[in-house]
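Step one of this worksheet: look at the structure below.
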Number of protein chains: 2
Amino acid sequence: MRRDIFQAIADPTRRAIVTLLMTQALTPNTLAERFDTTRQAVSKHIKVLQECGLVAGEQLGREIYYKIVPMKLKEVADWLEPFRQMWEDNFNRIDDLLEQIKNKEL
Amino acid sequence: MRRDIFQAIADPTRRAIVTLLMTQALTPNTLAERFDTTRQAVSKHIKVLQECGLVAGEQLGREIYYKIVPMKLKEVADWLEPFRQMWEDNFNRIDDLLEQIKNKEL
DNA sequence: ATAATTTGCAACCGATCAGTTGCAAATATA
DNA sequence: TATATTTGCAACTGATCGGTTGCAAATTAT
């Protein structure tokens, strides 16, 4: 079973869960109330998020408060970083390279 | 059919393709040579990447050079940005909030 | 002790996904 | 013109995904 951070945040519901957990730790029941779905569906999403290390649960009596592990998202940011220079540059290198190929053909 | 940038970069092969396209525009055939898979499989990945706007093709004769559209990745970076403060902060707010809940219970 | 609450796990279902195979269209080469 | 190359599209397959239902375990409340 593939369980990496990229696959974890691919699902919009999971991203919404992560966003909710940004401000406070929540229980599965509380989370489920925010979405038009069952608690079990939310629980399965939590399991995915937990297995990839993006959230962590902390038991308090019979309730489990799930909190975000923000550092995990840094892996995505690190992967994006090399591309940042590309979208921040005014000129587009790929276009230039393509132009070079074109000119070579002529 | 879901076709957003998050789902596009969820697949490791597609991320590898995007990384290869970072330095130069490539044709489907050239790309396929780099992976242990068929050209058609790569073509399907390209289609997904193209449909979500992460790559764009430019025809040169019978060949099509696919190039990356880096700006599209900014959408992911923008989603990550609010979390950046969290992983850069030394203290963890969620832990604090959880402590508050705990103390309230006592 | 009994009942209610909160949660995780397993089984199942329909939809989607990644990959393969086969084929047709367009372009380049002989 | 005939052949080879490059590509996209459609059909198919096995695997995975998101969601639901049912149930058992642990904790809390009556």
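The figures here come from the full heavy-atom set of this structure, side chains too, leaving out hydrogens, waters and symmetry mates. Lettering of chains follows the sequences in order, A, B, ..., and the numbering in each one begins at 1. Keep in mind that what you see is a predicted model, and the values were worked out from it rather than measured.
- Between the NE2 atom of H45(A) and the OG1 atom of T37(A) there is a distance of 6.5 Å, given to the nearest 0.5 Å.
- Between the CZ atom of R15(B) and the C1' atom of dA18(C) there is a distance of 15 Å, rounded to whole Å.
- Side-chain N/O atoms of T37(A) include none lying less than 4.0 angstrom from OP1 or OP2 on dG19(D).
- Residue T13(B) places none of its side-chain N or O atoms closer than 4.0 Å to OP1 or OP2 of dA18(C).
- Residue-to-nucleotide contacts include a donor-acceptor pair under 3.5 Å from the side chain of K44(A) to the base of dG19(D).
- Atom P of nucleotide dT6(C) and atom CD of Q59(A) are separated by 13 Å, given to the nearest angstrom.
- Using a 4.5 Å heavy-atom threshold, the side chains of Q7(B) and C52(B) count as separate.
- With DNA chain C read from its 5' end, the first of the two nearest nucleotides for Q40(B) and V48(B) is the one closest to V48(B).
- Atom CG of D78(A) has more than 12 neighbouring heavy atoms from other residues, nucleotides or ligands inside a 6.0 Å radius.
- When the P atom of dT7(C) is taken as reference, atom CD of Q50(A) falls 13 Å away, rounded to whole Å.
- Put simply, the side chain of Q59(A) gets close to the backbone of G61(A): a donor and an acceptor are under 3.5 Å apart.
- Phosphate contact (OP1/OP2 of dT6(C), side-chain N/O of T27(A), threshold under 4.0 Å): absent.
- For the pair K47(A) NZ and dG19(D) P, the computed distance is 15 Å after rounding to whole Å.
- Residue N29(B) places at least one side-chain N or O under 4.0 Å from the OP1 or OP2 atom of dT7(D).
- For H45(B), no side-chain nitrogen or oxygen approaches OP1 or OP2 of dC17(C) to under 4.0 Å.
- The separation between R39(B) atom CZ and dC9(D) atom P is 11 Å, rounded to whole Å.
- Of the options K72(A), R3(A), R14(A), K44(A), a salt bridge (charged side-chain N to carboxylate O under 4.0 Å, His left out) to E51(A) is made by R3(A) and by none of the others.
- Rounded to whole Å, the distance from CG on L60(A) to P on dT27(D) is 13 Å.
- Nucleotide dG19(D) holds its C1' atom 13 Å from the CG atom of D36(A), rounded to whole Å.
- At dC17(C), one or more side-chain N or O atoms of Q7(B) fall inside 4.0 Å of OP1 or OP2 (strictly under the cut-off).
- R62(A) contributes no side-chain N or O that forms a donor-acceptor pair with the base of dT7(C) under 3.5 Å.
- Computed from coordinates, the E58(A) CD to dT7(C) P distance equals 14 Å when rounded to whole Å.
- In terms of phosphate contacts, T38(A) brings a side-chain nitrogen or oxygen within less than 4.0 Å of OP1 or OP2 of dT20(D).
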